[in-house]
**Q** 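Below you'll find the structure I mean.
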Amino acid sequence: MMMFRLPAAVLAALLLIAPAPAAATDAELAKLARASGTPDIPGLKIVWLAPWGEVRKARPWRNIIVHQTEGPAGSARGGAQAQAKNPTRRGVTVWVETDGTVYWAVAENLVPTHGDGANRNDSKYIDNSSTYRQVVRDNSIGVEFAGNYPDVTAGPTEAQVGAWKVLVKVLRARYDIPLDRVYAHNWIDYKDARYCEGCTLATMAREWGE
């Protein structure tokens with residue numbers, strides 16, 4: 001009996017100490033972030049409605065604006081599909097569903113209508129002297145997180161946070177966007193007073209750091 005128990009114990013110990021599948025390193029993510037086409041990015045499930053082109057031909061995005069849509073779970077897919085059909089309509093380039101699925105909806109050289117012209121100048125959340133009328137749709141890539149309906153104060157899901165942790169690194173690496181240029185929509189525009197749109201996610205990105 002001892003001869004059978006020992007290998008089982010050893011096997012169990014090995015399983016306990018065996019490392020989990022490794023996530024992509026920052027260097028690997030940075031390399032993937034400069035690719036073209038529809039790359040597989042570890043940690044992200046991306047539905048490519050608009051594939052990447054050559055990054056040098058993309059718009060010179062300087063900022064990332066985090067949005068939240070007042071729609072139910074499942075609305076990101078519909079929103080992204082509508083955006084893909086009419087890229088310059090009111091909306092964003094990237095949509096994130098409650099299950100963490102990322103929809104890349106718009107080609108990188110096109111500008112969706114998002115934001116209200118960076119009209120916030122009260123410095124309530126951040127110093128708006130460097131954002132007022134400066135962080136606008138023409139120089140900012142937008143990311144929309146679905147699911148805060150019917151409770152607009154509901155935070156992002158665990159799956160959305162997990163996807164965002166990878167996605168924000170990819171966006172920053174692809175477009176050379178500094179960490180301090182990740183903004184919540186509410187930080188730069190006067191929005192719904194019932195909640196702070198995008199604030200939790202933008203704060204997380206800045207706290208995660210480099």
**Q** Should Trp61 and Val111 count as side-chain neighbours, where that means a heavy-atom distance under 4.5 Å?
**A**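 Trp61 reaches Val111 side chain to side chain.
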
**Q** Is there a chain of hydrophobic side chains (I, L, V, M, F, W, Y, each step under 4.5 Å between heavy atoms) that links Val168 to Tyr183?
**A**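 No; tracing contacts between hydrophobic side chains, which count when under 4.5 Å, never links both residues.
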
**Q** Using a 3.5 Å distance criterion without hydrogens, assess whether the side chain of Arg174 forms a donor-acceptor pair with backbone atoms of Ala33.
**A**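 Judged by distance alone, yes, a pair lies under 3.5 Å.
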
**Q** Output all residues satisfying side-chain hydrogen bond (donor to acceptor under 3.5 Å, both in side chains) with Asp122, sequence neighbours left out; order by chain, then residue number.
**A**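 Only Arg120 meet the side-chain hydrogen bond (donor to acceptor under 3.5 Å, both in side chains) criterion with Asp122.
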
**Q** Which atoms form the tightest heavy-atom contact between Asn63 and Ser140, and what is the distance?
**A**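 Looks like ND2-OG, 3.2 Å.
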
**Q** How long is the straight-line distance from CG of Leu171 back to CG of Asp176, given to the nearest 0.5 Å?
**A**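 The CG atom of Asp176 sits 12.0 Å away from the CG atom of Leu171.
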
**Q** Please confirm whether the backbone N or O of Val106 pairs with a side-chain atom of Gln83, one donor and one acceptor, at under 3.5 Å?
**A**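 Judged by distance alone, no pair lies under 3.5 Å.
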
**Q** Might you point out which heavy atoms bring Ala159 and Thr98 nearest each other, and give the distance in Å?
**A**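 Closest pair (atom of Ala159, atom of Thr98, distance): CB-O, 3.6 Å.
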
**Q** Between the side chain of Gln68 and the main-chain N/O of Thr153, is any donor-acceptor distance below 3.5 Å?
**A**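 Pair absent, no side-chain N/O of Gln68 close to backbone of Thr153.
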
**Q** For Tyr195, which fellow cluster members are found when Ile, Leu, Val, Met, Phe, Trp and Tyr are connected by side-chain heavy-atom distances below 4.5 angstrom, either directly or through intermediates?
**A**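 Members other than Tyr195 - counting any ILVMFWY side chain reachable under 4.5 Å - are Val152.
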
**Q** Is it the case that atom CZ in Arg77 sees more than 12 heavy atoms from other parts of the structure closer than 6.0 Å?
**A**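 No, the 6.0 Å shell around CZ holds no more than 12 heavy atoms from other groups.
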
**Q** Could you state the interatomic distance from CZ (Arg181) to CD1 (Ile141), rounded to the nearest 0.5 Å?
**A**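 Atom-to-atom, Arg181:CZ and Ile141:CD1 are 15.0 Å apart.
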
**Q** For Arg133, enumerate each residue passing the side-chain hydrogen bond (donor to acceptor under 3.5 Å, both in side chains) test, keeping only those at least two apart in sequence or located in another chain.
**A**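 Expected list: none.
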
**Q** Val136 and Asn139: which non-hydrogen atoms are nearest, and at how many Å?
**A**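 Val136 and Asn139 have their closest heavy atoms at O-OD1, 2.8 Å.
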
**Q** Contact between Val170 and Leu32 at the side-chain level, heavy atoms closer than 4.5 Å - yes or no?
**A**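 No, side chains not in contact.
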
**Q** Holding to side-chain hydrogen bond (donor to acceptor under 3.5 Å, both in side chains), I want the full list of residues that pass it with Asn119, two or more places apart in sequence or in another chain.
**A**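 side-chain hydrogen bond (donor to acceptor under 3.5 Å, both in side chains) check on Asn119 returns nothing, list empty.
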
**Q** Compare all side-chain heavy atoms of Lys191 with those of Asp116 and state whether any distance is below 4.5 angstrom.
**A**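 Yes - at least one pair of side-chain heavy atoms lies under 4.5 Å apart.
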
**Q** What closest approach, in Å, do Arg206 and Leu179 show between heavy atoms, and which atom pair accounts for it?
**A**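 Looks like O-CD2, 3.6 Å.
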
**Q** Could you check whether any side-chain N or O of Glu197 sits under 3.5 Å from a backbone N or O of Asn186, counting only pairs where one atom can act as donor and the other as acceptor?
**A**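 Side chain of Glu197 to backbone of Asn186, a donor-acceptor pair under 3.5 Å: no, none is there.
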
**Q** For the side chain of Glu144 and the backbone of Trp95, is there at least one donor-acceptor N/O pair under 3.5 Å apart?
**A**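 Pair absent, no side-chain N/O of Glu144 close to backbone of Trp95.
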
**Q** With clusters defined by side-chain heavy atoms of hydrophobic residues (ILVMFWY) lying less than 4.5 Å apart, directly or transitively, does Val143 cluster with Leu29?
**A**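 Yes: a chain of side-chain contacts under 4.5 Å links Leu29 to Val143.
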
**Q** Taking the side chain as every heavy atom from C-beta outward, state whether Arg172 and Val182 have any pair of such atoms under 4.5 Å apart.
**A**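 Sidechains of Val182 and Arg172: in contact.
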
**Q** For the hydrophobic clusters of this structure (ILVMFWY residues joined by side-chain heavy atoms under 4.5 Å, transitively), does one cluster hold both Leu167 and Val66?
**A**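 Looking at the clustering, Val66 is in the same group as Leu167.
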
**Q** From Tyr103 OH over to Gln81 CD, what is the distance, rounded to the nearest 0.5 angstrom?
**A**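 Rounded to the nearest 0.5 Å, the OH-CD separation comes out at 7.0 Å.
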
**Q** For a 4.5 angstrom cut-off between non-hydrogen side-chain atoms, does Trp164 reach Thr200?
**A**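 No; the side chains remain at least 4.5 Å from each other.
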
**Q** Measure the shortest side-chain to side-chain distance between Trp187 and Val135 over non-hydrogen atoms and say whether it is less than 4.5 angstrom.
**A**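 No - every pair of side-chain heavy atoms lies 4.5 Å or more apart.
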
**Q** For the residue pair Val92 and Gly142, what are the closest heavy atoms and their distance?
**A**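 Minimum heavy-atom contact is CB-O, 3.4 Å.
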
**Q** With side chain to side chain contact (heavy atoms under 4.5 Å, CB included) as the criterion, how do Asn148 and Glu70 come out once you've worked through the C-alpha distance, each side chain's angles and the decisive distance to 0.1 Å?
**A** CA-CA 5 Å; Asn148 63 336; Glu70 294 161 27; 4.2 Å; yes

**Q** Thinking salt bridges, do Asp192 and Arg194 make one under a 4.0 Å N-O criterion?
**A**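 A salt bridge links Asp192 with Arg194.
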
**Q** Would you say Tyr149 has more than 12 foreign heavy atoms packed within less than 6.0 Å of its OH?
**A**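 No.
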
**Q** Distance-only criterion, 3.5 Å: show the donor-acceptor pairs between side-chain atoms of residues 37-53 and protein atoms not counting sequence neighbours.
**A**
none

**Q** So how far is it from His185 NE2 to Cys199 SG, rounded to the nearest 0.5 Å?
**A**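 His185 NE2 to Cys199 SG: 10.5 Å, rounded to 0.5 Å.
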
**Q** Within this structure, what is the CG-CD1 distance for the pair Asp180 and Ile126, rounded to the nearest 0.5 Å?
**A**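 Here the rounded value is 9.5 Å.
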
**Q** Would you check if Glu108 and Thr93 make a side-chain contact, meaning some heavy-atom pair closer than 4.5 Å?
**A**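 In short, these two side chains do not touch, never coming nearer than 4.5 Å.
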
**Q** Residues in side-chain hydrogen bond (donor to acceptor under 3.5 Å, both in side chains) with Thr131, at least two apart?
**A**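 If we apply the side-chain hydrogen bond (donor to acceptor under 3.5 Å, both in side chains) test to Thr131, skipping adjacent residues, the hits are Asn128.
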
**Q** To check you understand the geometry: which heavy-atom pair defines the closest contact between Gly91 and Pro112, and what is its length?
**A**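 Scanning both residues completely, I find the closest heavy atoms to be O-CB, 3.4 Å.
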
**Q** Taking the side chain as everything from C-beta on, heavy atoms only, tell me whether Thr88 gets closer than 4.5 Å to Asn86.
**A**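 Yes, side chains in contact.
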
**Q** Verify whether one side chain among Asp127 and Tyr132 offers a donor that lies under 3.5 Å from an acceptor in the other.
**A**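 The answer is no; no qualifying pair exists.
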
**Q** Mind checking the NZ-CG spacing from Lys165 to Leu201? Nearest 0.5 Å is all I need.
**A**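 Lys165 NZ to Leu201 CG: 13.0 Å, rounded to 0.5 Å.
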
**Q** Among the clusters formed by ILVMFWY side chains lying less than 4.5 Å apart, do Ile177 and Val96 turn up in the same one?
**A**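 Ile177 clusters together with Val96.
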
